[in-house]
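A short write-up of the structure that comes next.
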Amino acid sequence: MTASDDQRPTWNEYFLMLAKLAATRSTCLAFPVGAVIVKNKQVVATGYNGSPSGSAHCTAQGYCYPGLSSCDASKSLPSRAVHAEANAIAQAAKHGTSTDGASIYVTLEPCLSCLKLIISAGIKEVFYETSFNGRENAVVRDSFVTEGLVTLAQIHLSEATQEKAALFLLNPTSIARYENTYIS
């Protein structure tokens, strides 16, 4: 490994950062989530959570319905959000791209509905940043893992990768630089 190799993000970090960037497009005010489907180290599709395409965004009307103070403020109205994983799978389907044998990177551990969709889409590996499922869902989730239908792994960005990513996001990247000092 060369000195520059240890400064590069791992593949898992790279794809998690892409999922985090996808989350910036989320129109959900409560839980911005991003997802990236990857096959053979190539991005197949991305997705983020929010209202269905063509429907009013929560960012425009305030949560799922006008006048709500939060998404769970109404016990009778269901969430309007399409989850990031479902949107990524739909994007792949819309463009005729197979997800069989792929991996998915998400900023939030998939809910059970999304996990079942992931498995049905042939996605074999799930990498997530933040845990989500409670004890009652863990039993079903863990049974899918035990059956060999999917693997799940929580991953995080190293501090060095976070610092480098912030530097790249906050400064122009395609300029000459010497020892991590940018020249203007």
Side-chain angles (χ1 to χ4, degrees), residues 1-51 53 57-60 63 71 81-95 97-99 101-111 114-115 117-118 121 123-133 141 145 150-184:
M1 182 174 358
T2 67
S4 63
D5 285 341
D6 63 353
Q7 294 176 359
R8 295 172 68 195
T10 65
W11 285 109
N12 281 347
E13 289 178 318
Y14 173 68
F15 294 125
L16 179 58
M17 285 191 290
L18 293 177
K20 290 170 80 75
L21 283 175
T24 66
R25 292 280 306 152
S26 172
T27 61
C28 179
L29 297 171
F31 287 103
V33 179
V36 175
I37 299 174
V38 175
K39 193 170 181 178
N40 300 321
K41 294 185 179 163
Q42 295 295 312
V43 173
V44 171
T46 64
Y48 50 87
N49 62 328
S51 57
S53 184
H57 294 306
C58 296
T59 52
Y63 294 98
C71 286
V82 178
H83 290 186
E85 304 91 327
N87 270 326
I89 291 168
Q91 232 7 293
K94 185 175 182 178
H95 296 286
T97 306
S98 173
T99 57
S103 301
I104 191 167
Y105 291 79
V106 291
T107 58
L108 183 65
E109 180 184 5
C111 68
C114 285
L115 187 58
L117 183 60
I118 287 166
I123 297 171
K124 298 298 181 192
E125 297 176 309
V126 176
F127 298 95
Y128 63 92
E129 181 179 45
T130 304
S131 295
F132 174 72
N133 287 306
R141 177 201 63 204
V145 172
V150 68
T151 62
L152 293 114
Q154 186 172 17
I155 61 173
H156 299 283
L157 300 178
S158 69
E159 190 173 318
T161 296
Q162 291 177 49
E163 289 173 5
K164 186 173 184 179
L167 190 65
F168 272 58
L169 287 171
L170 296 171
N171 297 285
T173 56
S174 298
I175 58 173
R177 55 188 172 102
Y178 301 95
E179 296 182 23
N180 294 329
T181 303
Y182 286 86
I183 299 174
S184 36

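Side-chain atoms are counted along with the backbone in the values below, which use heavy atoms only and exclude waters and symmetry mates. As the structure is a prediction and not an experimental result, all values here were calculated from the model.
- Within the 4.5 Å cutoff, no side-chain heavy atoms of F127 are placed close to those of L16.
- At least one side-chain heavy atom of K164 sits less than 4.5 Å from a side-chain heavy atom of Q7.
- Atom CZ in F132 sits 12.0 Å away from atom CG in L115 (nearest 0.5 Å).
- Across every non-hydrogen atom of E109 and S131, the tightest pair is OE1-CA, 3.5 Å.
- Annotation: side chain of L117 is not in contact with side chain of E85 (no heavy-atom distance under 4.5 Å).
- Annotation: salt bridge (Lys or Arg N to Asp or Glu O under 4.0 Å) contacts of K20 (sequence neighbours excluded): E129.
- The line from CD1 of I118 to NZ of K124 is 12.0 Å long, rounded to the nearest 0.5 Å.
- For residues 24-47, there are no salt bridge (charged side-chain N to carboxylate O under 4.0 Å, His left out) pairs, not counting sequence neighbours.
- With sequence neighbours excluded, the residues forming a ring-ring contact (aromatic ring centres under 6.0 Å, His included) with F15 are W11, Y105, listed by chain and number.
- For the atom pair CZ of R8 and OG1 of T161, the computed distance is 11.5 Å after rounding to the nearest 0.5 Å.
- Residues passing the side-chain hydrogen bond (donor to acceptor under 3.5 Å, both in side chains) test with T46: none are found, sequence neighbours excluded.
- For the pair T97 and I37, the minimum side-chain heavy-atom distance is 4.5 Å or more.
- Pairing each heavy atom of Y48 with each of A22, the nearest pair is CB-O, 3.4 Å.
- Nearest heavy-atom pair, V33 versus A84, reported as atom, atom and distance to 0.1 Å: O-CB, 3.5 Å.
- Residue A92 comes nearest to A45 through the heavy atom pair N-CB, 3.9 Å, listed as atom of the first residue, atom of the second, then distance.
- No side-chain heavy atom of N87 sits less than 4.5 Å from a side-chain heavy atom of N49.
- Taking OG1 of T99 as the start and CD1 of I104 as the end, the distance is 9.0 Å to the nearest 0.5 Å.
- Between atom CD of residue E13 and atom CG of residue L157 there is a gap of 5.5 Å, rounded to the nearest 0.5 Å.
- Across all non-hydrogen atoms, the minimal contact from S26 to P32 is OG-CA, 3.4 Å.
- Here the closest heavy-atom approach between residue G50 and residue T27 is recorded as CA-OG1, 3.2 Å.
- Side-chain atoms of I123 and V150, non-hydrogen and from C-beta on, never get closer than 4.5 Å to each other.
- By the side-chain hydrogen bond (donor to acceptor under 3.5 Å, both in side chains) test, Q91 pairs with H95, sequence neighbours left out.
- A search for side chain to side chain contact (heavy atoms under 4.5 Å, CB included) contacts involving E163 returns E159, not counting sequence neighbours.
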